[in-house]
Amino acid sequence: MRGKLRSGLEKLKPENDWSFITTQIGMFAYTGLTAEQVGRLGSEFNIFMLKSGRISMAGVSEATVGYLAESIAKVL
C-alpha cells in the first residue's frame with residue numbers, strides 16, 4: 001500500500017518528494033501533514049489520523065488508497 005500511495009501522490013503532486021512514504025516501515029506512517037491539513041482530511045473527506053499526521057497503514061486498502069492520495073493532494 002505504501003508503494004501505491006506514493007505512486008498516486010507522485011502523479012497528483014509531482015513537485016513534492018514522496019520517497020519518505022516507502023522508506024518508512026511498520027504499521028504507521030508519518031505523512032508530513034500539518035494539524036490543519038489533518039483536520040481538513042477529517043472534516044471534508046472523512047479520513048482520520050493523529051494531528052501529528054501519523055496514519056495507520058493497516059487501514060489503507062486497494063479500494064481506498066486512490067481516494068486517500070486524492071484527498072491528501074487536495075489539502076496540500
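Just so it is clear, the values below take in all heavy atoms, side chains as well, and ignore hydrogens, waters and symmetry mates. Note that the structure is predicted; figures quoted are calculated from it, not measured.
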Legend entry - Pairs involving residues 14-30, ordered by first then second residue, that meet salt bridge (charged side-chain N to carboxylate O under 4.0 Å, His left out) (sequence neighbours left out): K13-E15
Legend entry - T31 side-chain N/O to G53 backbone N/O, donor-acceptor pair under 3.5 Å: yes
Inset, instruction - Measure the spacing between CG of L50 and CD1 of I55 and express it to the nearest 0.5 Å. - result: 9.5 Å
Inset, instruction - Of all the heavy-atom pairs spanning A29 and Q24, show the shortest one and how long it is. - result: CA-OE1, 3.2 Å
Inset, instruction - Just jot down the side-chain hydrogen bond (donor to acceptor under 3.5 Å, both in side chains) partners of T22, sequence neighbours excluded, or say none. - result: R6
Legend entry - Joint hydrophobic cluster, M1 plus F48, side-chain heavy atoms closer than 4.5 Å: no
Side-chain donor-acceptor contacts of residues 60-75 below 3.5 Å, not counting sequence neighbours, with atom names and distances?
unit_1 : atom_1 : unit_2 : atom_2 : d
S61    : OG     : A63    : N      : 3.3
S61    : OG     : T64    : N      : 3.4
S61    : OG     : T64    : OG1    : 3.3
E62    : OE1    : K4     : NZ     : 3.4
E62    : OE2    : K4     : NZ     : 3.3
T64    : OG1    : S61    : N      : 2.9
T64    : OG1    : S61    : O      : 3.4
Y67    : OH     : F45    : O      : 2.9
S71    : OG     : Y67    : O      : 2.8

Inset, instruction - Scan residues 44-57 for pairs that pass salt bridge (charged side-chain N to carboxylate O under 4.0 Å, His left out), counting only residues two or more places apart or in two chains. - result: R40-E44
Inset, instruction - Return each pair, listed once, that meets salt bridge (charged side-chain N to carboxylate O under 4.0 Å, His left out) where at least one residue sits in residues 19-35; pairs must be two or more places apart or across chains. - result: none
Inset, instruction - Taking side-chain hydrogen bond (donor to acceptor under 3.5 Å, both in side chains) as the test, write out the residues that go with S52, two or more places apart. - result: none
Legend entry - Within one Ile-Leu-Val-Met-Phe-Trp-Tyr cluster: M49 and M57, side-chain cutoff 4.5 Å: yes
Legend entry - Under 3.5 Å: donor-acceptor pair, side chain of E10, backbone of W18: no
Inset, instruction - Quick one: pull up CG in L9 and CG in L76 and give me the separation to the nearest 0.5 Å. - result: 7.5 Å
